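This report refers to the structure that appears directly beneath it.
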Amino acid sequence: MRDKIDRYAPDVIEPKWQKRWAASGLHETADVADRPNFYFVTMYPYPSGELHVGHWYAMAPSDCAARFLRMRGHNVLFPMGFDAFGLPAENAAIKRNMHPAAWTEKNMAHMREQFTMMGASIDWRREVVTCYPEYYRWNQWMFLRFLEQGLAYRAMAPVNWCPKDQTVLANEQVIGGRCERCETPVIKRDLEQWFFRITRYADELLRFEGIDWPERVRVMQTNWIGRSEGAEIAFDVHGHPAEKIRFFTTRPDTIYGATFMVLAPEHPLVAKITTPAQRREVDEYVARARLMEEIERTSAERIKKGVSTGAFAENAFTGERIPVWIADYVLSTYGTGAIMAVPAHDERDFEFAKRYGLEIREVISPDGSEHAAVAEPYVGEGIMVRSGPFTGTRSEEGKRAVAEEAKRRGIGGPSVIYRLRDWLVSRQRYWGTPIPIIYCDDCGMVPVPEKDLPVVLPRDAPFTAEGGNPLARVESFVRTTCPSCGKAARRETDTMDTFVDSSWYVYRYPDPKIDTAFMNEAVARRWLPVARYTGGIEHAILHLLYARFVTKALRDMGYLWFGEPFRHLRNQGNIVFGGRKMSKSRGNVQPPDEYVARYGADTLRLFMMFMGPWTQGSDWNAEGIEGVHRFLNRVWTIALSEPGEGPRDETIDRLLHRTIAKVTADVDAYHFNTAIAAMMELTNELQHAHGPSRAEATEKLLLMLAPFAPYITEELWERRAGTDSIHRQRWPAWDPAMTTLDEITLVVQVDGKVRDRVTARAGLPEAELREIALASPKAKVALDGRTIDRTIIVPDRLVNIVTRRSS
RNA sequence: GCCGGAGUGGUGAAACUGGCAACCACGCACGCCUCAAGAGCGUGUGGGCGAAAGUCCUUGAGGGUUCGAGUCCCUCCUCCGGCACCA
């Protein structure tokens, strides 16, 4: 029998089924079905050229879960697309003299083939490609809506600037303070930039009610938003009656210890209040701070240096004149860019005061008594001392009381600030969505009228190594007429951050072709919001936060009926190779194709899932791939051999039910590795089984394996004369009564040490278990000379005989 | 420094609400099959002592709770990830 079976040949059967599935439309999802709809999305990739092992690790298990949900009775939409705008395409244009569009198209074509090779059950009719005008016109449409709502605005902002390439860089293009391309240290430059007002949603973004997201991601977003409660207070500046220095503090209870103030070097008041005597020193310091910003300024433990402005402010609570300094440890981008410095109760202020001989005055005491000297800052809470009318007040109460007093006096009050800053969305780059704005000398800034959308990216642009934005040099693009007055005007040449594209793409999948709205609401109502979203943990903050923000904004404008895009989120860990996360830009990608050629896609899929827990990630090491390949070979042989004659085998039947229950629970929980281990165990047992139990178990094994290894199971299903595609079958059912063992191994312990193991029938009463244990000869030996105190019985598991200590 | 996550055989790893530590694999060793190689199949494989039966030890370190701890509590160490002068 056995020798008639042909060899398992993935190189033959995989292409065969690729063709057949494409021809039969197996992966096309209907919007209306006799089963409930389920929207399952895996983060789309950047079309970097080819799918590497990291992409497989993201996709293969997700595809398995999508297929599983189909067999479990859902109508699953599992779409795919490409995050097709972005800088690497532009760099490729410069390096290889190839247009970004052509480079991107070539990469997408190759990657689509690779997805097909993988066996991913993608409905390609719904593909979304963000660099097509049909897509990005809706970025532009949204931009205009945001503008109307005050959610998009233009402001001067410091941005990352590479002096050699003469271009602005995105944050992600700044690596260790240097330009990713030429490694020149990056400096800050002030430029007019476009922002999305994400801070308007800061509070709502802190709430995660009703969504099932990993704790880790919620914590990361919460920290990123960084809510702080405290007070905002303003002090007068001596000799400048029109100016006040506003500052934020989380410790208003320490205000009587504010012996000086510090402004960020970029603070607008610096130029106004600096005294002539200090001007030169201040100017030099400010210039230096700007130049060194990225590399030095952010380095962790540097010495705090600053200079005096020569000006004085008045501490409104003590009435004292206090000097105003500038120092780069105060950030212009956080709070108001100014602080009251309380050296006795803040480590940074303490260090600064020590260095420059500024007064250090204790105002919070752990025990309520005053201390003469402050050897080191006390940052905890305590009782206010030397604090005028507040002396004797506890910190918590003092915080509130001081803030209230400031409010009463009209100089401030309680306040909440966030670390989160508005989202800078403009990029001085070609390969992105043009921002739909026109500048007219007479009318000023004019939005492009909706009827004129999309503002199409011109194909021809000068791509040169000198850098700068190629779009700004395309005269035919820049020159236009004012929509408002008709006179000659200039277009905005900045393009949008690609995170804008990805913040709403999941709303496009249900009908990517609709050209009257960003989303086909009638169709989308059947799918949205996303029931399951999977992707890399590296997107925990940026993409996932932006998508939440855009969703809330669209909801408030009446375009969406929900405020959270992703109901359920799970992140796979990273595939690490050579000590770093695998990615094209890091140059450490491992191509999957050679493994596919050698073992087939099913083996590689299975191996990806077998390596370890999916959410944990893994170091890439292909050594174990042989094991899963052997497993598929065994399945092949078993499925094509005759089961033989024999009676039903209850042990096999029970194992089968147990396996179905385990695999079901495991796939649901993304525990692919243990699901595969369970199927391997079943397979190992089936090799020695015969008769109807084996026949039934083999068929159900194939069904369970189908989401993991879609090709081999489809081929075997066909050869075993199964009807239709295996991928249209229902997931096997199990009987809970059959998931228990009929025979158990009872562990007999004496004083917690294992002394014997006895085979017994399952479900015996405690009294009987005790008798069995006491009858064990080995237990008797161990019990010799001891008095039994009590016995602990865990049904079907263990009996522990506890003896009394004899002395 | 702060916030997460994790430390288990030679390796990847498993272990439900505390109940047989190491499932399933890789690798290795020996055997079967073969002219041979590969593939396939079988047996063994945490460590110590022992010829064996057996026996003691073992989940980063140390303490604790418990009849019983990889799992719970305390202290500490190491690694990975994120944030990092955030007022």
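Below, read A as the first sequence line, B as the second, and so on, with proteins coming before strands; counting in each chain starts at 1. Please read these numbers as outputs of a predicted model, since none were measured by experiment.
In this structure, K753(A) does not pair ionically with D751(A), as no charged nitrogen and carboxylate oxygen lie closer than 4.0 Å.
Between I744(A) and T250(A), the residue anchored closer to the 5' end of RNA chain B is I744(A), taking for each the nucleotide with the nearest heavy atom. Position along RNA chain B of the nearest nucleotide to N223(A) versus I537(A) favours N223(A) as the more 5'-ward residue.
Residue Q687(A) places its side chain closer to G42(B) than to any other of C67(B), C3(B), G42(B). Taking only side-chain atoms of N673(A), from C-beta outward, the nucleotide of G19(B), A87(B), A14(B) with the closest atom is A14(B). Closest contact between the side chain of N800(A) and the listed nucleotides C57(B), A87(B), G19(B) involves G19(B). Closest to the L798(A) side chain, of the nucleotides G19(B), G81(B), C57(B), is G19(B). Comparing C16(B), G4(B), A14(B) by their nearest atom to the side chain of R797(A) picks out C16(B). When distances run from any side-chain atom of I792(A) to the nucleotides G42(B), C67(B), C83(B), the shortest one goes to C67(B). Side chain of K778(A), nearest nucleotide from G54(B), G19(B), G82(B): G54(B).
Taking atom P on both nucleotides, C49(B) is separated from G10(B) by 15 Å, rounded to a whole Å. Nucleotides C41(B) and G54(B) are separated by 32 Å at their C1' atoms, to the nearest Å. When the C1' atom is compared between G42(B) and U59(B), the two are found 31 Å apart, to the nearest whole Å. Separating the P atom of U78(B) from that of A87(B) is a span of 28 Å, rounded to the nearest Å. G18(B) and A29(B): their P atoms are spaced 43 Å apart (whole Å). For the P atom pair drawn from G70(B) and G4(B), the interatomic distance equals 26 Å after rounding to whole Å. Rounded to a whole angstrom, the distance from the C1' atom of G9(B) to that of C57(B) is 14 Å. Distance check on atom C1': G47(B) versus C72(B) gives 28 Å, rounded to whole Å.
Across the protein-nucleic acid pair, L545(A) atom CG and G82(B) atom C1' stand 15 Å apart, rounded to whole Å. Atom CZ in R755(A) sits about 7 Å away from atom P in U55(B), given to the nearest Å. Atoms CG (L420(A)) and C1' (A84(B)) sit 17 Å apart, rounded to a whole Å. As rounded to whole Å, 14 Å separates atom C1' of A87(B) from atom CZ of F352(A). If you measure from atom CZ of F672(A) to atom P of A13(B), you get 16 Å, rounded to the nearest angstrom. Between the P atom of G4(B) and the CH2 atom of W224(A) lies a distance of 18 Å, rounded to the nearest Å. Rounding to whole angstrom units, CD1 of residue I233(A) and P of A87(B) are separated by 15 Å. Rounded to an integer number of Å, the gap from E215(A) CD to G82(B) C1' is 14 Å.
Phosphate proximity of A39(B) to H629(A): absent, as no side-chain N or O sits under 4.0 Å from OP1 or OP2. Listed pair R790(A) / C67(B) meets the phosphate criterion, a side-chain N or O lying under 4.0 Å from OP1 or OP2. Proximity of Q616(A) to the phosphate of C80(B): no side-chain N or O atom is located under 4.0 Å from OP1 or OP2. Dashed line: the shortest gap from a side-chain N or O of S228(A) to OP1 or OP2 of A87(B) is under 4.0 Å.
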Encode nucleotides 21-28 of chain B as B, S and - characters from 5' to 3', where the letter depends on protein heavy atoms closer than 4.0 Å: B to the base, S only to sugar-phosphate, - to neither. --SBSSS-
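In RNA chain B, stems built from 3 or more consecutive Watson-Crick or G-U wobble pairs, each with both distances under 3.5 Å, span B:1-7 with B:77-83, B:10-12 with B:24-26, B:27-32 with B:40-45, B:46-49 with B:54-57, B:60-64 with B:72-76.
The aromatic ring centres of F235(A) and F247(A) sit less than 6.0 Å apart. Remark: aromatic rings of W620(A) and Y595(A) are close, center separation under 6.0 Å.
Not counting sequence neighbours, F631(A) has no partner by the ring-ring contact (aromatic ring centres under 6.0 Å, His included) test. For F610(A), the ring-ring contact (aromatic ring centres under 6.0 Å, His included) test picks out no residue, with sequence neighbours left out. Listed by chain and residue number, H629(A) satisfy the side-chain hydrogen bond (donor to acceptor under 3.5 Å, both in side chains) test with T603(A) (two or more places apart in sequence, or in another chain). In this structure F208(A) satisfies the ring-ring contact (aromatic ring centres under 6.0 Å, His included) test with no other residue, sequence neighbours excluded. Scored by the side-chain hydrogen bond (donor to acceptor under 3.5 Å, both in side chains) test, T336(A) finds no partners at all (sequence neighbours excluded). Residues passing the side-chain hydrogen bond (donor to acceptor under 3.5 Å, both in side chains) test with T674(A) are D666(A), sequence neighbours excluded. For D11(A), there are no side-chain hydrogen bond (donor to acceptor under 3.5 Å, both in side chains) partners, not counting sequence neighbours.
Few gaps surround CD on E396(A); more than 12 heavy atoms of other groups in view lie less than 6.0 Å from it.
When heavy atoms are screened at a 4.0 angstrom cut-off, V794(A) is found touching base atoms of the nucleic acid.
Counting heavy atoms from C-beta on, the side chains of H345(A) and V363(A) come closer than 4.5 Å.
Base orientation of G9(B): syn (glycosidic angle within 90° of 0).
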